[in-house]
Amino acid sequence: METLLSVRGLHKAFAAPVLRGIDFTVRRGEIHALMGSNGAGKSTLCNIIAGLLAADAGALTLGGRPHRPRSLREAEALGVRMVMQELNLFPTLSIAENLCFQRLGNGLGLLSRRRLAARAEKALARVGLAGLNPSLPVARLGVGQRQLLEIARALADEPALLILDEPTASLTDPQIHRLFGELRRLREAGAGIIYISHRMDEICQIADRVSVLRDGELVATAAAADLDSDRIVELMAGAPLERPARGASGRAGAPLLRVEGLGRDGAFADVSFTLHAGEVLGIAGLIGAGRTELLRAIFGADPADRGSLRLATDGFATARRFRRPADAMAAGIGLVVEDRRDQGLLLPLGIDRNISLASYRSLQGPLGLVKRSAETALAARYCDALAVRCAGTGQPVRELSGGNQQKVLIARWLARDFPVLLFDEPGRGVDASAKARIHHLIREAARAGRGVVVVSSENDELFAVSDRILALSRGRVAGDFDAATVTEEALLAACFRHHGREEQNRAATL
Ligand SMILES: Nc1ncnc2c1ncn2[C@@H]1O[C@H](COP(=O)(O)OP(=O)(O)OP(=O)(O)O)[C@@H](O)[C@H]1O
Ligand SMILES: [Mg+2]
């Protein structure tokens, strides 16, 4: 097969070397998976190919010509499209405008609204978002839908080289299935695709070849058929991975939180469950099932319209709904959000500040000043427990790789001893070994008597961390399962319960 992209002797350093002599090729008509632990250099390599970063040394060619794009725009003009790890949409613009903004102002400058809408509808249909009103502002979409929208935008341009940096981190199985169909179609048309993911099962399904980066070096390139997931993980880590056991973090204790008939119009309805001390409750569901909305309503971020919460702290006497996160936090509830860039991290500040942020009170000395040494020690403890790859605890979070930023966010909330912790996609974008560490810490938090709720699109994650799993389907509870015994089929069937017959049949064939 003909070579599309060739990378020779590529070097890149920030404070320390990040890419060290990379040789890498992508052929026309292949899906090439790029694997590596958090901080291995995957995004950096792709950013160079896509014109966002300049290399320090090395030579790239695209279609046989020297490839030295000085900007994203220049790379795009050469047929390169990248869906970045962090979402990059304009929240206040409409879906249609986001899909077509590269073209705004080009050509005649006049833009037919009808043509814009027609183009948007076609692009949306390809990623399974048909029916979504293209004039809605992007701010109204959930993270999964935004991710699909970015993918739709890249696909609509029929790129010669498509780079997908963790495109499926917030997608569920049916969406991924559809995406893979589109990628195969693009491959048939002769495009080259670089595919980054931490989900091993996907690689075996979609990739033709696999390259593995470790500490900025390319340690292997092989046909996907010659590798299995254990071998890939071994190459990534340089050592075999310990496999976490499924389920049950310990025995559930006394009730901590009762959710009674909670509802938010247009999102979810009549949700009831009890969370116990020592318990991890997983929540499964498809995109749009209302999982994120449910957590945000419990936390008071988008208040519920109906129903109530009762807490053990006052003997379940008061039925309440939080209207502000500050009130939920004062009552001992913490939420780790899904979209770390929008709602979570203070990028210019150090790792230490970001972790201690929620725990300021417990770190304050007699004069109300935060004890620097306590802050550093706290950060050091979590950087160690989660293996955060950094130059030191004072390094700005902006400089960390995506997966390492996620670890910092999780550390912040674990550090504060809320009795009730809510996690929305805690494993988003972290590699297999870091994920196992996060699961371990979540289960430890439960073992120490906290109650934890985990929303995840990955069944493996739900199984690894939960004692019980609640399935949401179209905003309603459709099943409450023992995590140790439920099958994936039963869980998926519950997630589809309130969908139409046609969709249920399609699910049965997945
Ligand atoms: N602007 C920067 N300044 C300093 N260091 C940086 C900067 N950008 C990236 N790095 C470092 O480069 C290394 C590689 O980062 P990169 O984002 O390429 O990793 P990755 O393989 O994509 O990881 P992940 O799976 O977590 O997304 C990391 O150690 C990161 O801290
Ligand atoms: Mg990355």
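Position 1 is the first residue of the sequence; numbering continues from there. Numbering of ligands and ligand atoms starts at 1, following listing order.
The closest approach between Gln405 and ligand 1 stays at or above 4.0 Å for every heavy atom of the residue. At a 4.0 Å cut-off, not a single heavy atom of Asp431 sits close enough to ligand 1 to count as contact. For Gly216, the closest heavy-atom approach to ligand 1 does not fall below 4.0 Å.
In terms of modelled atom types and a separation under 3.5 Å, the side chain of Arg296 and the main chain of Val337 share no donor-acceptor contact. The backbone N or O of Gly9 sits less than 3.5 Å from a side-chain atom of Asp23, completing a donor-acceptor pair. When atom types are taken as modelled, the side chain of Glu97 and the backbone of Ser94 share a donor-acceptor pair closer than 3.5 angstrom. Not one N or O on the side chain of Lys42 forms a donor-acceptor pair closer than 3.5 Å with the backbone of Leu213. With Gln405 contributing its side chain and Val397 its backbone, the two residues share a donor-acceptor pair below 3.5 Å. Side-chain atoms of Asn354 come within 3.5 Å of backbone N or O of Leu346 as a donor-acceptor pair.
Backbone and side-chain nitrogen or oxygen atoms of Gln395 are examined, and none is located within less than 3.5 angstrom of a nitrogen or oxygen of ligand 1.
Look at Arg27 and Asp208 and you find no salt bridge, because none of the NZ, NE, NH1 or NH2 atoms lies under 4.0 Å from a carboxylate O. Using a 4.0 Å cut-off between charged nitrogen and carboxylate oxygen, Glu158 and Arg185 count as a salt-bridge pair.
Thr44 lies apart from the Mg ion (ligand 2) in this respect, since none of its N, O or S atoms is found at a distance under 2.8 Å. The Mg ion (ligand 2) lies under 2.8 Å from an N, O or S atom belonging to Ser43.
Nearest approach of His67 to Leu5, heavy atoms of both residues: CD2-CD1, 4.5 Å. Taking every heavy atom of both residues into account, Arg389 and Gly39 meet most closely at NE-O, 3.2 Å.
In terms of protein heavy-atom proximity, atom 4 (C) of ligand 1 is nearest to Phe14 CB, 3.4 Å. At the shortest separation from atom 17 (O) of ligand 1 among protein heavy atoms lies Ser401 CB, 3.3 Å. Scanning all protein heavy atoms for the shortest distance to atom 27 (O) of ligand 1 gives Gln85 NE2, 2.7 Å. In terms of protein heavy-atom proximity, atom 12 (O) of ligand 1 is nearest to Val18 CG2, 3.2 Å. The protein heavy atom nearest to atom 16 (P) of ligand 1 is Thr44 OG1, 3.5 Å. Among all protein heavy atoms, the one lying closest to atom 31 (O) of ligand 1 is Glu399 O, 2.8 Å. The nearest protein atom to atom 29 (O) of ligand 1, hydrogens excluded, is given as Arg389 NE, 3.5 Å; this is a heavy-atom distance. At the shortest separation from atom 23 (O) of ligand 1 among protein heavy atoms lies Gly39 N, 2.8 Å.
Taking every heavy atom of Ala40 and a limit of under 4.0 angstrom, the matching atoms of ligand 1 come to 19 (O), 21 (O). When each atom of ligand 1 is checked for a heavy atom of Gly402 under 4.0 Å away, the hits are 26 (O), 27 (O). Near His198, with a cut-off below 4.0 Å to any heavy atom, the atoms of ligand 1 are 25 (O). Within ligand 1, counting atoms from 1 as listed, the ones closer than 4.0 Å to a heavy atom of Ser37 are 21 (O). Taking every heavy atom of Leu400 and a limit of under 4.0 angstrom, the matching atoms of ligand 1 come to 31 (O). Here is the list of ligand 1 atoms found below 4.0 Å of a heavy atom in Gly403: 24 (P), 26 (O), 27 (O).
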* To do: Could you walk me through whether Leu141 and Ile95 pass side chain to side chain contact (heavy atoms under 4.5 Å, CB included), step by step?
  => CA-CA 9 Å; Leu141 303 180; Ile95 292 170; 4.0 Å; yes
* To do: Before giving the answer on side chain to side chain contact (heavy atoms under 4.5 Å, CB included), spell out for Leu227 and Val212 the whole-Å C-alpha distance, their side-chain angles and the decisive distance to 0.1 Å.
  => CA-CA 11 Å; Leu227 294 170; Val212 179; 5.6 Å; no
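Considering Val453, Val465, Ile442, Val455 in turn, Ile442 is the only one that fulfils the side chain to side chain contact (heavy atoms under 4.5 Å, CB included) rule with Phe423.
In Ala15, neither the side chain nor the backbone holds a heavy atom less than 4.0 Å from any atom of ligand 1.
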